[in-house]
Amino acid sequence: MPTEIPKQYVPSAAEAQWFPFWESHGYFNADPDPQKPPHVIMIPLPNVTGALHMGHALNGTIQDLLTRWRRMQGYVALWMPGTDHAGIATQAVVERRMKEQENLTRHDIGREALVARIWKWKDEYEKRIIGQQKKLGASCDWRRVRFTLDEVCSKAVRRTFFKMFRDGLIYRGKRLVNWDTFLQTAVADDEVYTEDVAGKFWTFSYPVADANGQPTDRKISFSTTRPETMLGDTAVCVHPTDERYLDLIGKQVQIPLNGRLIPIIADALLADKDLGTGCVKVTPAHDPNDYACWTRNKEKMGDPINLLNPDGTFNENAGPYAGLDRLAVREAVVTAMEQAGGFEKVEDRTIPLKFSDRSKTAIEPYLSDQWFVKMDELATKAVDAVKNRDVEFFPERYANSYLDWLEEKRDWCISRQLWWGHRIPVWTFPIGPNPSLSDELEEKINRIFGSDSFVMPELQKALAARMGGASDDKLAFQVSFNEVTGDWSALMCIGPDQEQLEQGFKAEFGDLQDPDVLDTWFSSALWPHATLGWPDLEHNPPMVESEQARSASDGSPAEEKNPALALRAGNAVLDYFYPGSVLVTSRDIITLWVARMVLTGLYNMGDVPFKHVHVHPKILDGFGQGMSKSKGNGVDPLDLIEKYGADGLRFTIASLAGETQDVRLPISYACPHCDALIPQTLEHQKAKPKEGKKPRVKCPKCKKDSQYTSANYDADVSEPVASMVSERFEYGRNFCNKLWNACRFALINLEGYTPGAIADADLALEDRWILSRLATVTDEVTRLLDKYQFDQATRALREFVWNEFCDWYLEMIKPRLRVVESSEENIPGTAVPGLRANCQRVLVTVVDTILRLLHPFTPFITEDLWQRLNEIAPERPGVESPESNIQSDTTDDAPMPWEAQGSPSLGSLTPQPAAAACIIASWPTGLERFRDPALETRFQRLQDLIGAVRNLRGVYNISPAAILDVYIRCQPDVAADLDVVAEQFGTLAKNRLVACGPDVARPPASASFSLGEADGYVPLEGLIDRTAELARQQKEAEKIRGFIAGHEKKLTNTSFVERAPAEVVQEIRDTLVTLNKQLASTEDVIQQLGG
RNA sequence: GGGCGAUUAACUCAGUUGGUUAGAGUGCCAUCCUUACAAGAUGGAAGUCACAGGUUCGAGUCCUGUAUCGCCCACCA
């Protein structure tokens, strides 16, 4: 068997074998179990716009790590997978491709066809995303995968919208949107870019009017870069404390262009005394700030005047200018103002202008009807949830972003002018100029609702009151009056599951449903409870039957396998898994998503969606830019998995997930010819094909050039591509390989292993030491994971496995492992009565525990090794408690299982059958009894001594093959420890420990060192130069003197001695004693050398 | 403009409530294919802890200011 284990870990083999193994055994499945506590993580749903990048890999690694860890601790650990339809982003991607490949716009093919195309896109990318997640090892309950537009989520959206509408939380309002006059659509803020363009800055004046509305000689001047908007001015505005204009506030001015009279108002937010003339014109329909000013001063000025048609030409509100393009109007207006005597001056100026990312044309601010959610009360509750610590942020500081944003309580605009998304379930129902129903309307309505209509009386009541608000479970409505057309209409919100009503409306009135869709965040806000089946309280949510799940679960639903479930009526899944445990996300969506999930969770469920929010760092490239596909620095996790293995990737990522900093990840291209790494430059990122030739990257090693992965164009499939990787991941890969080889060594040496109890007396010094360290590191890792400090946890584990287990323990047990069975009883020269069997048992215990500790970080390799270990050692000394080892968050005082057993002796390691798979093995506990700090200190001394000897070898450049004699002068207790491990001196440092004890003297021609409590001498006749050694020792003495001086200075400083804590002072004194000893021995050596 | 964060070795980052001589990985130099591992072993060189003040017996750590960088929000007639 040992020969079967390859010398290098081959990640692809383990990954291909163990993921299907886990999934087919149903290990990822999480079903309610009243005997166990739940641990729930809802994935921050990735967009179906494209493949995942490193940010997702980081996010996913952390969640999987937590899920696997909690599962091992005995929780029913649910990690809920799924994807987001991501309205704007996805529609834009599909539209762009359609335009590029077929030169079609969405208007060419229509709403239904476009949506069908996007669904196809979604299917493709969802598959790809899930594939990536599985490659990473994601132990989601894949039977529960959800999509924000699927039936379950759609129902939750409909129910929530209806509920909010009925509760009066949803209202129709005006809002200025970024209007793309070319595409004739509203564009989101993040699809708009700003560019500086050459423009003009005009100053005009309006004449102040007298009481009769006649222009006077007095003028008020203002500046603008968009004179055409003067046609839509509804006021001019000054600062309330501006003395130049105090007397004018409340008076009127006349717009010479159309003779309209508008008021002079005062508004401290809009007007700035120090800018321009201090006076500003106000055009609420075409400027966001002016619009905000209007909302503050509605009663003083008229309603906003919209001047634009959707195509960017001026409408009838512009009078004689109607039908002209906005730039033509600009010229005409300037001319008209000159003629009217209102022109003062013009200057050139660069103006930041917004452009649509998609059409590259200038954006016009455009007033439009939108739907809003009132945030007032909802926000207050969500704020309280964090202030009361019902939801806690890790790291804590991120609570600020959340609170600051919510406390503004800005209403949430939830409508989007798109086709891809949840269509707003509101039908606008025309009533006419009178707020009552015509006979014709009434007939239509009766046909829809039936003659015994439950709605009519209420509708009429509402109409009479000219306000909306009446409702029942099926229908809710508001009544609105359009000032422009002078018509009344009823806004009907049809509840979920009311297909008949919808059909009826359509039959009588045509398609009156609001054409807009909901903001993507509206559905993702519901994710934590929608995925669990809310609002259906009667049934568990449906599950997807994957192939693996089907073959594994013999087709029977979870309820049949778990009788406890079958007995429960209602939605046990929702009951059991809500609220969730922790949300893992990056900081940029704290407001957009986290805040809204808390808000809707409280609104729909009456409880927060999760207890903890862990905010992890962002991944940046080597230039400090965020990673994204469009920047050309979005590394595909699959490329990294291929090169470094999923575990290597995961371990590295976890090591980067600290609390303070974002992660910089310098990117390289991997040469497809020779595998060399070529650092990526900004030029690489930006390069675009020139004259049909695609940029190439040249490998400095093999001198060949190749095309590379780029954001700007697709690579040719016909030739190899240099993929983006980062050598940082060698860290994790190398660690995995080290672990692999350590376990390989163990497995080879476990030949002939027999299970059996280990008695206290059979434990060698190094056994006790490694068990003590193991106990310490287990405790440390558990504590760190509890605090989401993954970087520190990986560091602790790596250091333990590599620098303690491999470098010291494995080296030290080699002599015992080499013992052949027959000579076991009497091994000459072995310090410990070293029974090979006992050594194997301790080794198996340590390896077993290491694999379990590492499993959440590196699941594939640990599973692989676990299975191999199970073959050779199916029963092994268990250090785990047979009981569930869940630590409750609330009952800190509850005794841990091992505490309840009192204080067992060291020799209580008795064999138990190992778990069938590492993924379901229990998280290590019960090691506490092995902790022995005094022993660890003694061992440290030993390590220091070996280190000092190795140092001499290095300094004198002595061949590793040469065996050195070592003499050590030390106290008897140190000598006793040394005697115990004398044999290992050979293994560890290629030395022979000739003598140790208080009476050891320095042999002539020795190199020496002093550690204070021990001095070491290595005779190096012929190998050292007396003068060189003297110089080295003198340098050493000088260094020690420096330290001593520093310490003495402190101790003679009375304020230090008086004010510093006693233990600090004592520490300095102790160190000083050691330093003086060191100095004395060093000086002694110097003297012997004739110095 | 407001908020949050960062600045420590050539690179990427740790550094607990202030307390001996500031650490790791990578890279670099030297020696070594020692029967688990060259994706390895042993040793070494490498730091004015961004800058300037302050608090303190004592500051990488706390405070103030400056500079640079990043992110979020607001705004730019």
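Any value given below was found using the heavy atoms of this structure, including those in side chains, with hydrogens, waters and symmetry copies removed.
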Close N/O contacts between protein and nucleotides 20-22 of chain B (under 3.5 Å):
residue : atom : partner   : partner atom : Å
B:U20   : O2   : A:Thr1071 : OG1          : 2.6
B:U20   : N3   : A:Thr1071 : OG1          : 3.2

Contacts under 3.5 Å, N or O only, protein and nucleotides 39-44 of chain B:
residue : atom : partner  : partner atom : Å
B:A39   : O4'  : A:Asn734 : OD1          : 3.2
B:A39   : O2'  : A:Asn737 : ND2          : 3.0
B:A39   : N7   : A:Gln8   : NE2          : 2.6
B:A39   : N6   : A:Gln8   : OE1          : 2.8
B:A39   : N3   : A:Arg733 : NE           : 3.4
B:G40   : OP1  : A:Asn734 : ND2          : 3.4
B:G40   : O3'  : A:Lys738 : NZ           : 3.3
B:A41   : OP1  : A:Lys738 : NZ           : 3.4
B:A41   : OP1  : A:Trp802 : NE1          : 2.6
B:G43   : O3'  : A:Asn951 : ND2          : 3.2
B:G44   : OP1  : A:Asn951 : ND2          : 2.8

Enumerate the protein-to-nucleotides 67-69 of chain B contacts in which both atoms are nitrogen or oxygen and the separation is below 3.5 Å.
none

Output a table of nitrogen or oxygen pairs between the protein and nucleotides 70-74 of chain B separated by less than 3.5 Å.
residue : atom : partner  : partner atom : Å
B:C71   : O2'  : A:Arg587 : NE           : 3.2
B:A74   : OP1  : A:Arg410 : NH1          : 3.1
B:A74   : OP1  : A:Arg410 : NH2          : 3.2

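Look at CG on A:Leu665: it is 14 Å from C1' on B:G25, rounded to the nearest Å.
Taking the six-membered ring where tryptophan is involved, the planes of A:His614 and A:Phe790 are perpendicular, since the angle between them exceeds 60° and thus also 30°. Between A:Trp521 and A:Trp593, the ring planes lie tilted relative to each other; the angle falls in the 30° to 60° range.
Along RNA chain B, the nucleotide nearest to A:Cys279 and the one nearest to A:Val1057 differ in position, and the one closer to the 5' end is contacted by A:Val1057.
Taking the six-membered ring for Trp, A:Phe393 and A:Tyr398 have ring centres at least 6.0 Å apart.
Looking at A:Arg664 and A:Asp621, no side-chain N of the basic residue comes within less than 4.0 Å of a carboxylate O on the acidic one, giving no salt bridge.
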#### Entry: For RNA chain B, the dot-bracket pattern of Watson-Crick and G-U pairs whose distances stay under 3.5 Å, | for other-strand partners
(((((((..((((.....[...)))).(((((.......))))).....(((((..]....))))))))))))....
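Listed by chain and residue number, nothing satisfies the side chain to side chain donor-acceptor pair (under 3.5 Å) test with A:Lys787 (two or more places apart in sequence, or in another chain).
Between the side chain of A:Gln789 and the base of B:A14 there is no donor-acceptor pair of N/O atoms closer than 3.5 Å.
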